[in-house]
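Comments concern the structure below.
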Amino acid sequence: MNPHPIEDHMVLMSQLYPAAYSQIIPQQEQVNLLELNFGSEHKLESERKDRLASELGLDPRQVAVWFQNRRARWKNKKLEEEYSTLKKLHDSTILEKCRLETEVLKLKEQLSEAEKEIQGLLERADRASSSNSPSSSQSMEAVDPPFLGEFGVEPYDDHVFYINGMDEWIYI
DNA sequence: CCGCGGTGCTAGTTACATCA
DNA sequence: ATGATGTAACTAGCACCGCG
């Protein structure tokens, strides 16, 4: 196929009807007018098609085909833009996911450390209570509460602690 | 209500020129 | 010379509408 059928069509028409085509509309002007019309409305009703065709000196069928192809190009471009937007969103979401996973790992490490500390404190408390009192049936009542507080761990009741800075309750 | 023809649409394809 | 790209034109299939 010829890539410039509009131009060829006009050459043919100017040969057939030299009077009517004494002033040939440049191809760029034709495209400009078509683009202008496409910009105002993508659909082409029959009346507008015929009017455009006569303004441009083209077959109405050519105008219809031009609009069909132009719509296809417009749709492709829109899809590409949508894809690009979604890809950017996807990439930033993946990045945020990685960041959050790293943070979870860090927090788990902190939690593990805190649990170790608590375990150590409990063992110390046990040793202290058993040495202070001959009765092993005694509970945590024997432990001095401020002792735990200095490590940022506050006793809530006998077996529940609130860890400062971690916003988390530990049940033992 | 139904079938039919006309029209316009989309999606996919073809043919060809142009360009890197 | 060649592969990628852009574009006019075509085709098939579908939907809608008016008419008899």
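All chains are named by letter (A, B, ...) in the order of the sequence lines, taking the proteins before the strands, and each is independently numbered beginning at 1.
Checking the phosphate oxygens (OP1, OP2) of C/dT7, no side-chain nitrogen or oxygen of A/Trp66 falls inside 4.0 Å. Contact between the side-chain N/O atoms of A/Gln68 and the OP1/OP2 oxygens of B/dG8 is not found at any separation under 4.0 Å.
For residues 98-113 of chain A, the salt bridge (charged side-chain N to carboxylate O under 4.0 Å, His left out) pairs, not counting sequence neighbours, are A/Glu96-A/Arg99, A/Lys97-A/Glu101, A/Arg99-A/Glu103, A/Glu113-A/Lys116. For residues 68-84 of chain A, the side chain to side chain donor-acceptor pair (under 3.5 Å) pairs, not counting sequence neighbours, are A/Glu35-A/Arg70. Under the salt bridge (charged side-chain N to carboxylate O under 4.0 Å, His left out) criterion, the residue pairs touching residues 84-94 of chain A are A/Lys87-A/Asp91, with sequence neighbours excluded.
Nearest approach of A/Lys49 to A/Pro60, heavy atoms of both residues: CD-O, 3.4 Å. A/Phe67 and A/Glu41 get closest at one heavy-atom pair: CE2-O, 3.7 Å. Residues A/Ser40 and A/Arg48 come closest through the heavy atom pair OG-NH1, 4.0 Å.
Rounded to whole angstrom, the span from the CG atom of A/Leu44 across to the P atom of B/dT10 amounts to 11 Å. Rounded to whole angstrom, the span from the CZ atom of A/Phe67 across to the C1' atom of B/dT7 amounts to 17 Å. Look at CD on A/Glu47: it is 16 Å from C1' on B/dG8, rounded to the nearest Å. Between the P atom of C/dA8 and the CZ atom of A/Phe38 lies a distance of 12 Å, rounded to the nearest Å. Taking atom CZ of A/Arg61 as the reference point, atom P of B/dG6 lies 15 Å away to the nearest angstrom. The nearest whole Å value for the distance from the NZ atom in A/Lys43 to the C1' atom in B/dT7 is 13 Å.
In the set B/dG8, C/dT11, C/dA9, the nucleotide with an atom closest to the side chain of A/Ser46 is B/dG8.
Listed for the A/Gln62 side chain is a donor-acceptor partner under 3.5 Å among the backbone atoms of A/Asp59.
Once rounded to the nearest 0.5 Å, the distance linking CG of A/Asp50 with CD of A/Glu45 reads 10.5 Å.
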Pairs under 3.5 Å (N/O, protein and nucleotides 12-17 of chain C):
none

I'd like a list of close polar pairs between nucleotides 3-5 of chain C and the protein, N/O only, cut-off under 3.5 Å.
none

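Residues passing the salt bridge (charged side-chain N to carboxylate O under 4.0 Å, His left out) test with A/Arg51 are A/Glu55, sequence neighbours excluded. Among residues two or more places apart in sequence or in another chain, the side-chain contact (heavy atoms from CB on, under 4.5 Å) test is passed with A/Asn32 by A/Gln28.
Between A/Leu111 and A/Leu107 the shortest side-chain heavy-atom distance does not fall below 4.5 Å.
Residues from residues 69-82 of chain A with heavy atoms under 4.0 angstrom of DNA chain C, sorted by number: A/Asn69, A/Arg73.
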